[in-house]
Protein chains: 2
Amino acid sequence: MVTIADVARHAGVSSSTVSYVLSGKRAISEETRRRVRSSVQVLGYHPNAGARALAARRSHIIALMVPLRTDVYVPVMMEIAIAVTTAARQHGYDVLLITNDEGPDGVRRIAASGLADGLILMDVELDDERIPVLRAQGTQATLIGLADDARGLSCVDHDFVAAGALCADHLADLGHREIAFIGYGSGVYHRHAGYAERTLAGFRDRAGQRGLRFLHRTCEGTYESTAGTLARVLADRPGTTGFVVQNEGAIGPLLTLLRTSGRTVPEDVSVIALCQDQLAEQFAPRLTAVTGSAQELGRVAVEQIVGRLATSNDGGRPDDDRALLTPTLTVRESTGPAPLLP
Amino acid sequence: MVTIADVARHAGVSSSTVSYVLSGKRAISEETRRRVRSSVQVLGYHPNAGARALAARRSHIIALMVPLRTDVYVPVMMEIAIAVTTAARQHGYDVLLITNDEGPDGVRRIAASGLADGLILMDVELDDERIPVLRAQGTQATLIGLADDARGLSCVDHDFVAAGALCADHLADLGHREIAFIGYGSGVYHRHAGYAERTLAGFRDRAGQRGLRFLHRTCEGTYESTAGTLARVLADRPGTTGFVVQNEGAIGPLLTLLRTSGRTVPEDVSVIALCQDQLAEQFAPRLTAVTGSAQELGRVAVEQIVGRLATSNDGGRPDDDRALLTPTLTVRESTGPAPLLP
DNA sequence: AGCTAGCGTTGAAGCGTTTCGACGGTGTCA
DNA sequence: TGACACCGTCGAAACGCTTCAACGCTAGCT
């Protein structure tokens with residue numbers, strides 16, 4: 001193993017000088033810097049992470065707490081996790097993965113052991129047990145999702161309210177009057193998942209403003225449940241010409257069921273999905289969809305926490321900041337003008 | 001911050017005793033152990049990760065290198081990542097996430113800095129650049145996937161050869177004679193992804209033994225490419241009655257296309273998928289599928305590397321061990337006896 | 001009785017960094 | 001010309017933990 005002392009010897013300077021060259025925390029002459037850098041190269045020196053963490057009291061690690069749940073669309077989580085990891089590396093941080101099932105104790109463990117300098121929490125519930133722990137430990141954190149009480153913490157999330165409104169507007173613009181909103185399974189609403197509630201609220205408000213009649217129905221995302229949901233919708237509101245689908249699992253079944261029931265998309269009914277573009281492209285017809293960038297979500301989360309870590313030892317007192325990412329509507333082949341009344 | 005010295009003072013012992021109680025590396029009297037444990041509780045002591053890593057030369061961290069690529073089914077990767085994380089915790093390890101784009105340098109960085117004690121590499125290619133680095137650094141590692149030259153490393157993977165054979169056997173048992181194998185996009189084969197090649201080989205060999213005629217066609221997994229692939233298959237071999245699908249994205253389109261072309265599943269054609277059970281259940285009809293457990297893959301990978309880390313300082317020389325996980329066939333509604341010849 | 005073996009505990013020596021205070025040298029200003 | 005500030009470098013003191021050698025005991029053996 002090559003240590004800082006080896007580098008110092010090789011470059012003919014003291015080890016503190018090497019440290020300062022690497023950290024840039026003190027002025028070092030051009031000449032010395034050059035020599036040290038080259039020694040580092042030649043010897044293949046990488047500072048020992050443990051020693052660094054111990055001396056500097058910073059591990060340069062960010063912990064990312066991911067949900068175990070599988071009732072949300074998994075690729076999105078993965079995309080966020082990867083975006084977080086690459087963004088973190090660009091700021092000199094590594095990412096430690098921990099699972100939600102460690103719960104508040106996990107947060108305590110990570111914070112108290114100094115394993116990570118800060119945390120990013122995914123799948124935050126409105127009233128989350130981990131938040132008080134964060135405050136008690138004085139740990140820096142960013143929440144992905146909005147919590148009830150985020151004083152002193154930073155949050156980032158998609159603007160689901162805007163996403164819901166975009167759907168309502170698009171269908172209203174096309175002349176549709178009766179819409180069905182196919183949501184997630186009832187469990188998601190019962191645990192007050194913010195994204196589900198906020199999308200629905202955004203849709204509902206805008207639908208009201210635009211004079212749309214609409215129905216909200218839960219759906220587990222299997223073929224059977226989608227069939228049941230659709231049957232009930234058509235029984236209750238035979239005049240429905242627009243569908244908003246939030247549960248990714250229900251999209252395929254819905255399209256198949258509409259087709260077998262003799263309804264053509266988009267001539268007879270329009271379908272708009274709340275899902276990733278990649279997924280929307282996979283269906284036939286390609287789906288008009290409202291999307292937020294998971295990549296950006298991860299990137300912003302990292303920037304928030306890195307910002308906090310940087311200012312928190314300058315004595316700067318970071319305010320609670322919350323970022324809402326604007327979703328985009330991409331019109332494809334699954335939506336069209338409402339059919340003329342018979 | 002609570003240190004080991006605080007605990008020692010509180011319990012009226014020396015800090016080394018506290019350390020031994022916690023690590024269990026020396027005999028400690030029942031009485032002392034009790035007192036120390038209770039002090040740990042009361043004070044809420046968590047050993048400082050950096051100091052621990054520095055003194056013991058072990059970080060108790062395993063690095064998991066995940067692919068950025070999205071051409072394989074993403075939820076599986078996530079499932080593995082989570083399985084690795086939970087399994088690692090059970091052995092007292094945390095998991096550091098790094099992305100494939102760091103490449104061999106990433107491996108060097110992690111190994112040389114002592115950030116992680118060992119690595120788990122996903123998406124290993126047959127001739128992987130990271131493997132020589134691993135050997136040069138003398139770092140413990142487990143590969144998920146099989147490499148050309150895995151001397152001194154451990155590997156774990158699904159037995160894709162057996163999976164392919166299971167598909168062939170099942171269709172042969174049902175009396176099918178002409179089969180189409182719908183694979184991944186050509187890019188996957190060009191970069192010699194082991195799982196794709198091995199599945200195909202397993203299928204091909206067994207199909208040969210069982211006297212099946214078959215066609216292998218690549219497919220990108222979009223609706224259009226599936227339509228093109230299917231059209232070519234039906235043109236070349238109109239008598240095809242069995243389909244094996246490996247590309248998850250092609251499943252939905254294939255079922256839709258078969259239906260619109262007037263073919264009923266499973267009466268006219270049988271479809272067997274190589275995918276997770278969860279996904280297979282989502283279609284109508286539910287798909288007969290061959291599956292390997294992603295959870296187990298993650299768990300075994302962790303056990304291999306933890307085993308190596310344990311024996312590697314006992315001077316034990318761990319052999320290269322490779323584990324192949326047996327896949328299972330679950331018969332559902334999408335396969336049935338071959339139709340009688342007209 | 002004398003010797004060895006093991007038990008439970010301790011003090012102290014690292015582990016490889018960062019960072020503080022200090023030092024000589026150089027330039028600037030009065 | 002003297003005082004002062006700043007620059008580039010260094011030595012040494014942490015940082016909080018693990019682990020080794022050593023200690024005084026008691027117990028078991030010859």
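Chain letters run A, B, ... following the sequence lines, proteins first and then strands; every chain starts at 1.
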Could you work out which one of [options] sits closest to the side chain of [X]?
X     : options                : result
B/S19 : D/dT19, C/dT10, C/dT19 : D/dT19
A/T32 : D/dG8, D/dC17, C/dT17  : D/dG8
A/S29 : C/dC15, D/dG8, C/dT17  : D/dG8
A/A55 : D/dT19, D/dC10, C/dT17 : C/dT17

Practice prompt. Starting from the first five and the last five pairs of the helix from C/dA1-D/dT30 to C/dA30-D/dT1, work out the angle between the resulting helix axes, to 10 degrees.
Written response: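 Between the axes fitted at each end of the helix from C/dA1-D/dT30 to C/dA30-D/dT1 lies an angle of 40°.
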Worksheet item: Can a side chain N or O of B/K25 be found less than 4.0 Å away from OP1 or OP2 on D/dT19?
Response: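 Looking at the OP1 and OP2 atoms of D/dT19, one of them is under 4.0 Å from a side-chain N or O of B/K25.
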Fill in: B/R58 side chain near D/dC17 phosphate (N/O to OP1/OP2, under 4.0 Å)
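Result: no.
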Could you tell me the separation between the [atom1] atom of [X] and the [atom2] atom of [N], rounded to a whole number of Å?
X     : N      : atom1 : atom2 : value
A/I28 : C/dT19 : CD1   : P     : 14 Å
B/L22 : D/dG16 : CG    : P     : 17 Å
A/M1  : C/dC15 : CE    : C1'   : 9 Å
B/H46 : D/dG16 : NE2   : C1'   : 16 Å
B/D6  : D/dC15 : CG    : P     : 12 Å
B/H60 : D/dC17 : NE2   : P     : 14 Å
A/N48 : D/dC17 : CG    : C1'   : 13 Å
B/E30 : C/dT9  : CD    : P     : 11 Å

Considering every strand and a 4.0 Å limit on heavy-atom distances, what is the contact class for [X]: base, sugar-phosphate, or nothing?
X     : result
B/S23 : nothing
A/T3  : sugar-phosphate
B/T17 : base

Practice prompt. Hey, which sits more toward the 5' end of DNA chain C by its nearest nucleotide, B/L54 or B/S16?
Written response: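 On the 5' side of the pair lies B/S16.
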[X] versus [Y]: any side-chain heavy-atom pair under 4.5 Å?
X      : Y      : answer
B/I120 : B/V95  : no
B/M77  : B/D123 : no
B/I62  : B/V306 : yes

Fill in: Atom of B/R130, atom of B/N100 and distance for their closest heavy-atom approach
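What the structure gives for the nearest pair is NH1-OD1, 2.9 Å.
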Worksheet item: So, does the side chain of B/R26 form a donor-acceptor pair with the base of D/dT19 at under 3.5 Å?
Response: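 Under the 3.5 Å cut-off, the side chain and the base do not form any donor-acceptor pair.
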Discussion item. Is it the case that the base of D/dC17 and the side chain of B/Y20 share a donor-acceptor contact (distance under 3.5 Å, atom types as modelled)?
Written reply: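 No, no donor-acceptor pair under 3.5 Å.
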Discussion item. I'd like to check the ring-ring contact (aromatic ring centres under 6.0 Å, His included) partners of A/H10; sequence neighbours left out, ordered by chain and number.
Written reply: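 In terms of ring-ring contact (aromatic ring centres under 6.0 Å, His included), with neighbours along the sequence ignored, A/H10 is linked to no residue.
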Discussion item. Between B/D94 and A/R109, does any NZ, NE, NH1 or NH2 come within less than 4.0 Å of an OD or OE carboxylate oxygen?
Written reply: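 Counted as a salt bridge, because a side-chain N and a carboxylate O are separated by less than 4.0 Å.
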Fill in: Note: B/E30-B/R34 ion pair, threshold 4.0 Å (strictly below)
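So B/E30 does not pair with B/R34 through a salt bridge.
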Worksheet item: Does A/S59 reach the main-chain N or O of A/L115 with its side chain, forming a donor-acceptor pair under 3.5 Å?
Response: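 Yes.
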